Protein chains: 2
Amino acid sequence: MSTPRTLEHPDVVELSLDAVLSALADPMRRRIVVQLANGCHDQACIAFELPVSRSTATHHFRVLRLAGIIEQRYQGTAILNTLRSSCLEERFPGLLAAIVGAEAPSSS
Amino acid sequence: MSTPRTLEHPDVVELSLDAVLSALADPMRRRIVVQLANGCHDQACIAFELPVSRSTATHHFRVLRLAGIIEQRYQGTAILNTLRSSCLEERFPGLLAAIVGAEAPSSS
DNA sequence: TCGCTACGACGATGATCATCGTACTACGCT
DNA sequence: AGCGTAGTACGATGATCATCGTCGTAGCGA
């Protein structure tokens, strides 16, 4: 037990368009976001099966978290990832939907 | 006269989300786009008064043009810049509006 | 207790990029 | 013709970043 591990997340008001767009400019990170947006909520990092090493995957998830795009919380040794859709919508209305929609025409 | 100078522009169907988002991830380029979106149509590059050297400004305008975000055409020695709003809207609906709206709360 | 799993930290590396200065070109005006 | 203006081309440079491998750590199960 002790203190359960926690991960740093920016507050809603701290979200910067620069950080969000820089994070979303990378194809690998967009892939993660699209996968999360397509109903794969609360997935562990490993479940995404990214074609990169674990170190690189960790890096991408952290960039997304620090940009305020995803929320990460520990569950055992795994980390559950969730899209912070409402935070993003509140701060940058329509942005996430536009990008996910542009990337993944498979939905609908 | 001879052949008037022309500049290379990508076709609508060639627009890639990757190029567009990478271009828009830079604050200086977003500044240009926001300025164009706020009614400053057909402005010459120099009219933007960017806080960078001319070489750098040229670079940014070219990145925007090659990403398909702006249209550039010569008029004398100057270059008139226009937002390709309809092309972007056709390819990535809502994207430009979301970014411009998030960046510039001054409008409205 | 002993692994096994999922992930983070650290340091390195190679690529990309934003920035610059300088030299060059094209066009218009006098 | 000569000059000024607007922008381009060409390196160069310093910073950032995506990627990796290795090692460390926390939790779970046998």
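Note on naming: letters A, B, ... go to the chains in the order of the sequence lines (proteins, then strands), and numbering restarts at 1 for each one. A quick note: this is a predicted structure, and the numbers were derived from the prediction, not measured.
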Residues clustering with A/L7 (ILVMFWY side chains joined when closer than 4.5 Å, directly or via others): A/Y74, A/I79
Is the shortest heavy-atom distance from the side chain of A/R30 to the side chain of A/V100 under 4.5 Å? no
Using a 3.5 Å distance criterion without hydrogens, assess whether the side chain of B/R65 forms a donor-acceptor pair with backbone atoms of B/I70. no
Can you sort out the partners of B/A19 under side-chain contact (heavy atoms from CB on, under 4.5 Å), two or more places apart, ordered by chain and number? B/S16, B/A67
Atom-to-atom span, CZ of B/R62 to P of D/dT8 - whole angstrom: 8 Å
Which part of the nucleic acid, if any, lies within contact of A/A57, taking any heavy atom under 4.0 Å across all strands shown: a base, the sugar-phosphate backbone alone, or nothing? nothing
Strictly below 4.0 Å, heavy-atom distances to any atom of DNA chain C: list the hits from residues 64-77 of chain A, or just say none. A/Y74, A/T77
How does protein contact run along nucleotides 12-21 of chain C, one letter per nucleotide 5' to 3', with B for base contact, S for sugar-phosphate only, - for none, heavy atoms under 4.0 Å? ------SBBB
In short, side chain to side chain donor-acceptor pair (under 3.5 Å) pairs touching residues 82-97 of chain B with sequence neighbours left out are B/D42-B/T82
Using whole Å, report how far CD1 of A/I46 lies from C1' of C/dC7. 9 Å
Just checking, any donor-acceptor pair under 3.5 angstrom between side chains of A/S55 and A/T58? no
Partner set under ring-ring contact (aromatic ring centres under 6.0 Å, His included) for A/F92, not counting sequence neighbours: none
Between the side chains of B/N81 and B/Q43, is a donor N or O closer than 3.5 angstrom to an acceptor N or O? no
Nearest-Å distance for atom pair CD1/P, residues A/I79 and D/dG27: 12 Å
Would you kindly give the CZ-to-C1' distance between B/R5 and D/dG7, to the nearest whole Å? 7 Å
